[in-house]
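Single-structure report; data block below.
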Amino acid sequence: MAHKLVIVESPAKARTIGGYLGSGYVVESSIGHIRDLPNNAADTPAKIKDKPWGRLAIDVENGFEPYYVVPRDKKSHISKLKQLLKDADELFLATDEDREGEAIAWHLLDELKPKNIPVKRMVFHEITKAAIQEAAANPRELDMDLVEAQETRRLLDRLYGYEVSPVLWRKVMSGLSAGRVQSVATRLVVDKEKERMAFRAASYWDLEGTFDAGSKHDQRMFPAKLHTVDGTRVATGSNFGQDGQLKAGRSGKADVVHLDQRRAEALASALADTSYDVRSVESKPYRRSPYAPFRTTTLQQEASRKLGMSSSVTMSVAQRLYENGFITYMRTDSTTLSGNAIAAARSQVSELYGSEYLPDAPRTYASKVKNAQEAHEAIRPAGDSFRTPAQTGLTGDQFRLYELIWMRTVASQMKDAVGQSVTIRLGGAAASGEDVVFSASGRVITFHGFLKAYVEGTDDNAAKDDQETRLPNLAEGDPVSAASLSANGHETKPPARYTEATLIKELEDRQIGRPSTYASIISTILNRGYVYKKGTALVPAWIAFSVTRLLTEHFERLIDYEFTASMETVLDDIARGEKDRVTELTEFYYGSERLQGLQPLVTGLGDIDARELATFPVGSAEDGIDLRVGKYGPYLEGPDDGSGTRVRANVPDDLPPDELTVDKAKELLANPAGEEIELGTHPESGLPVVAKNGRFGPYVTEVLPEDAPKKDKPRTGSLFKSMSLDTITLDDAVKLLALPRVVGADPESGEEITAQNGRYGPYLKKGTDSRSLTSEDQIFGISLDEALKIYSQPKHRGRAAAAPPLKELGNDPVSGQPVVVKAGRFGEYVTDGEYNATLRKDDSVEAITLERAAELLAERRAKGPAKKAAKKGAKKTAAKKTAKKTAAKKTAAKKTARKS
DNA sequence: CAGTGAGCGAGCTTCCGCTTGACTT
């Protein structure tokens, strides 16, 4: 039977809407985007692979034509949609009403190719029966200008990410990434750390006292702080700048009095016998309105403050609540509640708190988000009447998050909190002649309103909205005495580091990122190693300083904090049909008279000095200390003493950049050995033996006395793979230091045969003739006979025998040669004896067939015969391998260092 | 950043925004 096919983005939404539309409609979901630019070479269509722009999948030479593909995991879903479309007599594209949703609708149309049936665009902003039925009755056409705007966004992000990232691979480190969003997020964290590094603390003193209003007051004792001395304000933290100096006042000079310890204490003793009277009582009404209902970012912030959840945990708990029908959609930038939701919230207010807490008219909340697309409602309990947390039967994190959402939603429809704020000034005369004024502040809330249901958390130690401080009911002229008085020292604090939640807030304020990506932005900068977490604080790694420096020096416009906001302006113009995609992308990529293009910028970067980029002076030029970001992590270089070599020392990975002061750097340089483990004294040489981590992995070495001649080199030996810095003993070390071991002499030539470990693993050496060994244990265990046997065989055969094929597949249809799978230095590969082809990411030894192997070999053959690799290339590869090993072992070494 | 000798398969990394299972333990 024929039906109308409705396609929405989310399966959970499809279920709900299916119920509202009834029979005659089949509601399915697209599960997000159904097509995209290919991710990597494996997904790129063969016909564009060899184009100069194949890697981008955008024909930058012809109108920025994109080449979209349906990702592997979406193919079966597309078939399912096509199947449903066969029996449909009408198609409703009901994806979200925002830029991405419009694009998904167009991709669906372009991919499903419905024939001879009407296609309508259907939109709604809330999932209620009335809204859905109205949307079905009033469809519109696809907005191609909006689709163009989305494509511009998508292509610009691809060009930015896939052109700039390779610059980082060449100049900083392989595997890094740059992008419109992540690079700015990283920059925010780096810039904050720079502020902290430049920060100079100021110290200031003040007087704090407890005052006594007398026995006729219920609230007798209350605290007050010194406010003025002879009519001049006493300096507090906010009077100091980041440089530790007093900020200038209106007159151009500081118009406050800065108390130091001596003066504060002198004043305190001069006030020992002072009596005070009330100089003024100022009372102001206090009023606070409820917070808007949750959107993604505010939910993430509050879940972090109140429940200690990371942004990704918050989102996955919310996802489960959404899928099970407890809350509305959790990725939204809207604070709007549907009419049904307002009614539900209001009825719960009167039910739970009484009608005196209910405002006469419903409250509405305008969006504070600048580029809000408002495709969804605010995040709220689902349904036309809300379940209280107890009624849900939820437990654990889901219960706590639901409770938070429920409370916030209900509170948003409650009355303001009102009360009084009171400031009391007390005056007195010091024995030394000064006139002093103390100040006390209080707050009394007379009607709690929404605060009864919900109080927002704070990131710093600001007073909470519902906090009350009661003061005695004093009048001007009343006498007051000081019960106690003390001089206290304070220091100004550097600006706080970002947390996940405050960074996300900052990004939202700057219109960077979208609700669906905030949590993953954090994951990206954590995974790339740009940032790490120390408690909840986000600390930048030194490599983030290098990357941010490269981008700010060479891609200034792209990493500008305003870049995304100005892009949004252009996209809006395109969406209104006032600008066009190709013109904008051409300007972005190739440049124009007023703007430098990305492409000429990237190709002209050969002369970036990678070494300089990774060098950061510590302290002043006189200190001569540099921090450098190397392949193996950050290290310090001491002053050049003219010897030609500078002292080097590792910087612990978890030392925050703002703690690397000149003193700390000198301390690290004084012990350049870094993390080393003392194993004992060598029984023969009498020298101390230590184990440490080096460029080529963990090793043991003797420590020469300080007065030893410089040309003396200590003996060293790499640990075997079977050993670790955690478990190495002095005995092991002595054995390793004794290498190479003399196995014996060749009876024919008399040449000595030795066994040792080298760059390519364990091997035997006889003069210039070397042979690999299969295991490290053979270095200690192999006998002369066995060694001679190895030497009796030609070099190559021994190696081939050592690596039998992992799998035999049969004969190649082209060459007729047997095809086998082997494990090689670069991973698993197939070979027909002449050509070798590495298995791709999606291939496996278990799953590979002869057909697939033949395909890979055919591709390989097309590239021509194997080139003889240059010596340089081979060396580089080997160094890379070692580097990986080093990194892997580094953590192990650290653990040991801590234990001891 | 410790320095130790071959002879030979490189291919991939990466963006931002939509959205869920599919995997394993």
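Order of the sequence lines sets the chain letters (A, B, ...), proteins ahead of strands, with each chain counted from 1.
For the pair A/M567 CE and B/dC16 C1', the computed distance is 9 Å after rounding to whole Å. As a whole-Å value, the separation of A/L176 CG from B/dC12 C1' is 14 Å. Rounding to whole angstrom units, CZ of residue A/R99 and P of B/dG17 are separated by 9 Å. Here the C1' atom of nucleotide B/dC12 and the CE atom of A/M173 are 14 Å apart, to the nearest Å. The CD-C1' distance, from A/E151 to B/dC15, rounds to 16 Å in whole Å. In this structure, CG of A/D36 is placed 12 Å from P of B/dC18, rounded to the nearest angstrom. One atom, CZ of A/F588, and another, P of B/dC16, lie 12 Å apart when rounded to the nearest Å. In this structure, A/L93 places its CG atom 16 Å from P of B/dT19, rounding to the nearest Å.
For A/W169, the side-chain atoms get nearest to B/dT14 when compared with the rest of B/dT14, B/dT19, B/dG5. Considering only side-chain atoms of A/S516, the nucleotide from B/dT19, B/dT14, B/dA2 that sits closest is B/dT19. The side chain of A/S165 lies closest to B/dT14, out of B/dG17, B/dT14, B/dC1. When each of B/dT13, B/dC16, B/dA2 is scored by its nearest atom to the side-chain atoms of A/T716, the top-ranked nucleotide is B/dA2. The side chain of A/R180 approaches B/dC16 more closely than any other nucleotide in the set B/dA2, B/dC16, B/dC15.
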message = The test is salt bridge (charged side-chain N to carboxylate O under 4.0 Å, His left out); show your working for A/R295 and A/E508 and say whether it passes.
response = CA-CA 11 Å; A/R295 58 180 187 270; A/E508 185 190 46; 2.8 Å; yes

task = Take A/S165 and A/S177, measure what side chain to side chain contact (heavy atoms under 4.5 Å, CB included) needs, and give me the verdict at the end.
result = CA-CA 5 Å; A/S165 296; A/S177 61; 4.0 Å; yes

ask   = Does the pair A/I504 and A/S311 meet the rule for a side chain to side chain contact (heavy atoms under 4.5 Å, CB included), with working shown?
value = CA-CA 9 Å; A/I504 286 171; A/S311 40; 3.8 Å; yes

Using a cut-off of under 3.5 Å, enumerate the N/O to N/O pairs linking the protein to nucleotides 20-24 of chain B.
unit_1, atom_1, unit_2, atom_2, d
B/dT20, OP1, A/S10, OG, 2.5
B/dT20, OP2, A/Q319, OE1, 3.4
B/dT20, OP2, A/Q319, NE2, 2.9
B/dT20, OP2, A/R331, NH2, 2.8

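Within the 4.0 Å cut-off from OP1 or OP2 of B/dC16, not a single side-chain nitrogen or oxygen of A/R153 is found. A/R158 has no side-chain polar atom (N or O) that falls below the 4.0 Å cut-off from OP1 or OP2 of B/dC15. A close approach under 4.0 Å does occur between a side-chain nitrogen or oxygen of A/S177 and OP1 or OP2 of B/dC15. For the pair A/N757 and B/dT4, the criterion of a side-chain N or O lying under 4.0 Å from OP1 or OP2 is not met. The phosphate of B/dG5 has neither OP1 nor OP2 within less than 4.0 Å of any side-chain N or O from A/Q756. Phosphate contact (OP1/OP2 of B/dT19, side-chain N/O of A/R35, threshold under 4.0 Å): absent.
Residue-level contact check: A/Q150 touches neither bases nor backbone, having no heavy atom under 4.0 Å from any strand. Across all strands, A/R528 comes closer than 4.0 Å only to sugar-phosphate atoms, never to a base (heavy-atom distances). Using a 4.0 Å heavy-atom distance criterion, A/A103 is classed as making no nucleic acid contact. No contact: A/G630 has no heavy atom under 4.0 Å from any strand. Counting any heavy atom pair closer than 4.0 Å across all strands shown, A/G179 reaches sugar-phosphate atoms only and no base atom.
Across all their heavy atoms, A/K766 and A/Y791 have their closest contact at N-OH, 3.1 Å.
The side-chain contact (heavy atoms from CB on, under 4.5 Å) check on A/R180 picks up A/R153, A/L156, A/D157, A/Y160, A/F563, A/T564, A/M567, with sequence neighbours excluded. Scored by the ring-ring contact (aromatic ring centres under 6.0 Å, His included) test, A/Y67 finds A/W53 as partners (sequence neighbours excluded). Applying the salt bridge (Lys or Arg N to Asp or Glu O under 4.0 Å) test to A/D73 and every residue at least two apart in sequence or in another chain returns nothing. Partners of A/Y329 by side-chain contact (heavy atoms from CB on, under 4.5 Å), not counting sequence neighbours, listed by chain and number: A/Y322, A/R331, A/H376.
With A/Y530 as the aromatic partner, A/R528 does not meet the cation-pi criteria of under 6.0 angstrom to the ring centre and within 45 degrees of the ring axis. With a 6.0 Å cutoff to the six-membered ring centre and a 45° limit on the axis angle, A/R628 does not count as a cation-pi contact of A/W542.
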remark   = The dot-bracket string of DNA chain B, counting Watson-Crick and G-U wobble pairs with both distances under 3.5 Å, using [ ] for crossing pairs and | for pairs to another strand, is .........................

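The base of B/dC15 lies close enough to the side chain of A/N39 for a donor and an acceptor atom to sit less than 3.5 Å apart.
Once the 5.5 Å centre distance and the 30° plane angle are applied, the aromatic ring of A/Y160 is found not to be stacked with the base of B/dC15. Between the side-chain ring of A/Y162 and the base of B/dC15, no stacking contact exists by the 5.5 Å and 30° definition.
A/E100 and A/Q150 share a donor-acceptor pair across their side chains, judged by distance under 3.5 Å alone.
Listed for the A/S520 side chain is a donor-acceptor partner under 3.5 Å among the backbone atoms of A/T517.
Each of A/P714 and A/K74 has a nearest nucleotide on DNA chain B; the 5'-most of these lies closest to A/P714. Looking at which nucleotide of DNA chain B each of A/E568 and A/E163 is closest to, the 5′-most match is held by A/E163.
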